[in-house]
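The structure displayed is predicted, hence computed values, not measured ones.
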Amino acid sequence: MQHVYSGKVREIYADGDDLLLVASDRVSVYDIVLPTPIPDKGKLLTQLSVWWFGQLADIVPNHLVSATDVPAEFEGRAVRCRRLEMVPFECIARGYLAGSGLKEYQATGAISGVVLPRGLVEGSRLPEPVFTPTTKVSEGHDAPATFEDVAAGVGLSTATRLRDLTLEVYRRGASRAAENGIIVADTKLEFGVSPDGELTLADEVLTSDSSRFWPAAEWEPGRPQHAYDKQFVRDWATGSGWDRNPPAPPIPAEVVEATRARYVAAYEKITGLPWRG
Ligand code: Q0Z
């Protein structure tokens, strides 16, 4: 097993032709990893993503080889997957206005070249979900791209498939979550091409690390929305006097426990399965 990549909260290992994606219990706020882990977070997000791959298999093939054939030390929080030739764009679907999409709308009235109605505010639901790809930039944040940029990079027919698949996955995910009190405001997907040339869904899908999950009961356009998973950590961080520069202070035990409960609730509400961690 060879370590090939470290993200903020995840690692990639290579095992022969396969990759292992390993999720840790680390959590970040304001782009900074906190010194205190959230117990079971890595397992909860991995198992949610694995569940989604099964739900979405009629829409698009995925990279999953096995969620169980992984080294014992990674049990439950790793997936074995096929190594793909990755598409050099993040495929994002947005159904609500937040984050960089909100900023682009406020500056231009459009997102990724898609013109939106006037009068939308932070947290507004969009009339239709919008495909808002970004180009992957190794240093720093990803750069916004238009559908035409994607077409210039991968060809019109692949770009069209990426857009259609991204919006279909988002619609399926948002509708399932909405039935259970969770708004999926937006989601980021990664695709690759398999050795046999098939466009394949990769990475993690429809987790709160790759999407904005909001509690539907607290949705109120016109202000920043509450994050389903990290709201307690953010509230604590804001009240703690921490200046948002590293190193972050340790998270108090009650905030850790409340946050873990949110990850469990998201898993249970979305899948309908009890968490047996
Ligand atoms: C995913 C990432 C990180 C986990 C590369 N099937 C695949 N084939 C080739 N490359 C990837 C995948 Cl999923 C791939 N990432 C993002 C970063 C941990 C996933 F640190 N990068």
remark   = Nearest heavy-atom approach of Gly173 to Val184 is O-CG2, 4.2 Å
ask   = Should Tyr105 and Ile92 be counted in the same cluster of Ile, Leu, Val, Met, Phe, Trp and Tyr side chains packed under 4.5 Å apart?
value = no
message = Between Thr187 and Ser211, is there a side-chain donor-acceptor contact under 3.5 Å, judged purely by atom types and distance?
response = yes
message = Strictly below 4.0 Å, N to O, side chains only: are Lys41 and Asp229 in salt-bridge contact?
response = no
inquiry  = For Phe147 and Phe131, take the angle between the two ring planes, folded into 0 to 90°, and tell me which bin it lands in: parallel under 30, tilted 30 to 60, perpendicular over 60.
reply    = perpendicular
Donor-acceptor side-chain pairing of Tyr30 and Thr238 below 3.5 angstrom = yes
key: Residue pair Thr207 / Ser210, side-chain donor-acceptor N/O under 3.5 Å   = yes
task = Determine the minimum heavy-atom distance between Pro71 and Leu20, stating which atoms define it.
result = CD-CD2, 3.8 Å
request  = Drop me the distance from Cys81's SG to Leu64's CG, to the nearest 0.5 angstrom.
outcome  = 7.5 Å
remark   = Tightest non-hydrogen contact, residues Thr166 and Phe191, listed as OG1-CE1, 3.5 Å
inquiry  = Regarding Arg161 and Glu168, does a basic nitrogen lie under 4.0 Å from an acidic carboxylate oxygen?
reply    = no
Residues Thr271 and Arg176: side-chain donor-acceptor under 3.5 angstrom = no
ask   = Is the shortest side-chain N to carboxylate O distance from Glu75 to Lys43 below 4.0 Å?
value = no
ask   = So, for Thr46 and Ala23, which heavy atoms are closest and what is the spacing to 0.1 Å?
value = OG1-CB, 3.5 Å
key: Polar side chain donor-acceptor pair, Glu11 to Ser6, under 3.5 angstrom   = yes
ask   = Parallel, tilted or perpendicular: which fits the ring planes of His3 and Tyr13, with parallel below 30° and perpendicular above 60°?
value = perpendicular
Spacing of SG belonging to Cys91 relative to CG belonging to Leu165, to within rounding of 0.5 Å = 9.0 Å
ask   = Same hydrophobic cluster for Leu201 and Tyr170, using side-chain heavy-atom links shorter than 4.5 Å among ILVMFWY?
value = yes
inquiry  = Once rounded to the nearest 0.5 Å, what's the spacing between atom CD of Glu85 and atom OG1 of Thr200?
reply    = 12.0 Å
pair Glu190-Met86: side-chain heavy atoms closer than 4.5 Å = yes
inquiry  = With a 4.5 Å cut-off on side-chain heavy atoms, are Leu56 and Asn62 touching?
reply    = no
request  = Cation-pi check, Arg212 to Tyr96: give yes when NZ or CZ is under 6.0 Å from the six-membered ring centre and within 45° of the ring axis, no otherwise.
outcome  = no
ask   = Hey, are Asp142 and Lys188 close enough for a salt bridge, meaning a charged N less than 4.0 Å from a carboxylate O?
value = no
query = So which of Arg83, Arg82, Arg80 actually passes salt bridge (charged side-chain N to carboxylate O under 4.0 Å, His left out) with Asp18?
reply = Arg80
ask   = What about Val130 and Leu206, same hydrophobic cluster or not, with Ile/Leu/Val/Met/Phe/Trp/Tyr joined at side-chain heavy-atom distances under 4.5 Å?
value = no
message = Is there a side-chain contact between Ile111 and Lys103 in this structure, where contact means two heavy atoms from C-beta onward sitting under 4.5 Å apart?
response = no
Among Arg260, Arg77, Gln47, side-chain hydrogen bond (donor to acceptor under 3.5 Å, both in side chains) partner for Asp40 = Arg260
query = Is the closest side-chain heavy-atom distance between Lys269 and Ile182 below 4.5 Å?
reply = yes
query = Is the gap between the ring centers of Trp214 and Tyr228 under 6.0 Å?
reply = no
note = Rounded to the nearest 0.5 Å, the CZ atom of Phe74 sits from the OG atom of Ser24 at a distance of 11.0 Å
